[in-house]
Protein chains: 2
Amino acid sequence: MLRGMVRSPDTRQRLIDSARELIYSRSYADVGVAAICEHAGVRKGSFYHFFPSKQELTLAVLDASFLEIKQQLLDRAFVPDRPPLARLERFLDLAWRFQKQMKEATGHMPGCPFGNLGAELSTRDETIRRKVDAVFSSLRTGMRDLLAEAVQAGDLEPVDIDATAAAMLAYVEGVLLTAKTRNDPDVFKQLAPAMLGIRIPPQAENA
Amino acid sequence: MLRGMVRSPDTRQRLIDSARELIYSRSYADVGVAAICEHAGVRKGSFYHFFPSKQELTLAVLDASFLEIKQQLLDRAFVPDRPPLARLERFLDLAWRFQKQMKEATGHMPGCPFGNLGAELSTRDETIRRKVDAVFSSLRTGMRDLLAEAVQAGDLEPVDIDATAAAMLAYVEGVLLTAKTRNDPDVFKQLAPAMLGIRIPPQAENA
DNA sequence: AGCATAGTTGACTGGTCGGTCCAGTCAAGC
DNA sequence: GCTTGACTGGACCGACCAGTCAACTATGCT
């Protein structure tokens, strides 16, 4: 009776998902390969059949996290059913809901999956650092496009959209880290909206 | 001549200093007790004479780091020889110089010693999380006082000084993390000045 | 049927982890 | 000079680390 594909249909994906969840809620160093395998219901040998190292798995985790964030957060928040800046507000609201929900479920604020890895590993693993950088770069591009649209629509005065996108993203990262360190989702709720007011003027400085 | 206290004058302090340097430039998990001892020229047994655990040493490291930041950064930047907001600019400039100097010396951007530990350990060690939170709280207070002075002097419109101080600090943390992940001090230089424009209005929301 | 191969298993390795233990050392107080 | 107690040295501990390996199983292809 519907035997089919007995041999674990998606061992590789289960490993990625387990690692993503565990590393996100703890840290890279605190989660061993053995713990990831146990959570995924997979034996050590199978792990190394699919991934040559913990580092390589982590790169795959970063891809998976980016996909998740894009689909669950960005694509939802950025639906063009309202003005660009209102979409940014929706983005912050969705992000806050998620952080709050994680706090309720686990007792901890997880922060940003990319910021966490960047903070922990940037000085120690150049490959992972570059990957995190690439993810942030993609996020910045999305933000930049939104700001360009806002400028075009006249909802935003002309700014250096690249720098302003980077600044807004940095601010969100900082707020996430602050909320995580205080272990309080309301910190995010209180501080995040100020992101919308951040501006970096075009070219050199002026007023 | 001037014998006194032959028995290692400051073994404890050397351990703290070594741990501070190593953990700051790598991470908590990447630096073992053995490495700290070796760097300090101290044997394992002595370590555990002065500190009951690596965690306790880390708490002492946080105190030492805070003292260092206060003396080398805050106390220098906040000298009241100019208007409050100009002191904030000087703070950013000093912070940038330090990050740049570390990059040149080690090849890496270290980021913020508190933010790093907060990101890595907040979900895993409640005691350290609280300590990091306390440090941030002190920093916020310093920033808050400066903003209060700026408002009083008429250099800044009335804002929610507590929330605005928190937002500015969060922004600096985010910029430091961004610069660390990109491994480029110029990111800090470009983005940091926007901190001065961050505002959170008093009480409820308005415009 | 037979073979190739993707996938699985669990025992195993060398090394490192944080932490323990205790005999020894030295300076100060009596 | 003897005792006390802070401090030191270093051997040692069990647990865990990332990673290896050879034997095994099931599936798909011919």
Side-chain angles (χ1 to χ4, degrees), chain A residues 1-23 25-62 117 120-121 124-128 131, chain B residues 1-23 25-62 117 120-121 124-128 131:
Chain A
M1 43 306 257
L2 57 102
R3 279 278 101 180
M5 43 179 59
V6 179
R7 244 25 152 72
S8 103
D10 47 5
T11 303
R12 188 189 145 93
Q13 194 57 45
R14 287 215 316 282
L15 284 168
I16 293 175
D17 290 340
S18 292
R20 185 161 60 88
E21 178 182 334
L22 291 173
I23 292 175
S25 60
R26 307 218 226 295
S27 75
Y28 178 82
D30 270 335
V31 178
V33 172
I36 294 167
C37 289
E38 191 179 2
H39 188 275
V42 166
R43 252 47 60 194
K44 213 59 162 322
S46 293
F47 179 102
Y48 284 96
H49 173 72
F50 289 103
F51 300 99
S53 67
K54 186 185 175 187
Q55 185 205 51
E56 282 290 330
L57 168 69
T58 305
L59 296 176
V61 162
L62 278 163
L117 285 173
E120 183 180 356
L121 299 174
R124 293 302 286 169
D125 188 315
E126 181 69 7
T127 305
I128 290 182
K131 185 84 188 178
Chain B
M1 41 307 256
L2 59 102
R3 278 279 101 183
M5 42 177 61
V6 178
R7 241 21 150 73
S8 104
D10 48 3
T11 303
R12 188 189 144 92
Q13 194 58 46
R14 286 213 316 283
L15 284 168
I16 293 174
D17 291 340
S18 293
R20 184 161 61 88
E21 178 182 334
L22 291 174
I23 292 175
S25 60
R26 306 218 230 292
S27 75
Y28 179 82
D30 269 336
V31 178
V33 173
I36 294 167
C37 288
E38 191 178 1
H39 187 274
V42 167
R43 250 46 60 188
K44 261 281 192 58
S46 295
F47 179 101
Y48 284 96
H49 172 74
F50 289 104
F51 300 98
S53 67
K54 186 185 176 189
Q55 183 206 52
E56 281 290 328
L57 168 69
T58 305
L59 296 177
V61 163
L62 279 163
L117 286 173
E120 184 179 357
L121 299 174
R124 294 299 288 166
D125 189 315
E126 180 69 6
T127 305
I128 289 182
K131 186 81 186 181

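Not measured: the values here are computed from a predicted model. Order of the sequence lines sets the chain letters (A, B, ...), proteins ahead of strands, with each chain counted from 1.
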Send over the distance from [X] [atom1] to [N] [atom2], rounded to a whole Å.
X	N	atom1	atom2	value
A:D30	C:dG18	CG	C1'	13 Å
A:L22	D:dC17	CG	P	12 Å
B:I36	C:dG19	CD1	P	10 Å
B:E56	C:dT20	CD	P	13 Å
A:L15	C:dG7	CG	C1'	12 Å
A:H49	C:dT5	NE2	P	13 Å
B:R12	D:dT8	CZ	C1'	17 Å

- prompt: A:E56: what forms a side-chain hydrogen bond (donor to acceptor under 3.5 Å, both in side chains) with it, not counting sequence neighbours?
  reply: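 A:E56: no side-chain hydrogen bond (donor to acceptor under 3.5 Å, both in side chains) contacts found.
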Distance (rounded to the nearest 0.5 Å) between [X] [atom1] and [Y] [atom2]:
X	Y	atom1	atom2	value
A:L121	A:T58	CG	OG1	7.5 Å
B:E21	B:R26	CD	CZ	9.0 Å
A:L59	A:Q55	CG	CD	5.5 Å

message: I want to verify a distance call: between C:dA6, C:dG10, D:dG9, whose nearest atom is closest to the A:R43 side chain?
response: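 Of C:dA6, C:dG10, D:dG9, C:dG10 is nearest to the side chain of A:R43.
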query: Quick check: does any side chain N or O of A:D10 sit under 3.5 Å from a backbone N or O of A:Q13, one acting as donor and the other as acceptor?
result: no
Distance-only check: which donor-acceptor pairs under 3.5 Å involve side-chain atoms of residues 27-51 of chain B, not counting sequence neighbours?
from  : atom 1 : to    : atom 2 : distance (Å)
B:S27 : OG     : B:D30 : N      : 3.2
B:H39 : ND1    : B:S18 : OG     : 2.8

message: For B:E126, give me all partners under salt bridge (charged side-chain N to carboxylate O under 4.0 Å, His left out), at least two apart in sequence or on another chain.
response: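 B:E126 satisfies salt bridge (charged side-chain N to carboxylate O under 4.0 Å, His left out) with B:R129, B:R130 only.
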Pull out every protein N or O sitting under 3.5 Å from an N or O of nucleotides 19-21 of chain D, one pair per line with the distance.
from   : atom 1 : to    : atom 2 : distance (Å)
D:dG19 : OP2    : A:Y48 : OH     : 3.1
D:dG19 : OP2    : A:K54 : N      : 2.8
D:dG19 : N7     : A:K44 : NZ     : 3.3
D:dG19 : O6     : A:K44 : NZ     : 2.7

message: Using five base pairs at each end to define the local axes, how bent is the helix from C:dA1-D:dT30 to C:dC30-D:dG1, to the nearest 10°?
response: 0°
message: Do B:D17 and B:R20 make a side-chain contact, defined as non-hydrogen atoms from C-beta onward lying under 4.5 Å apart?
response: yes
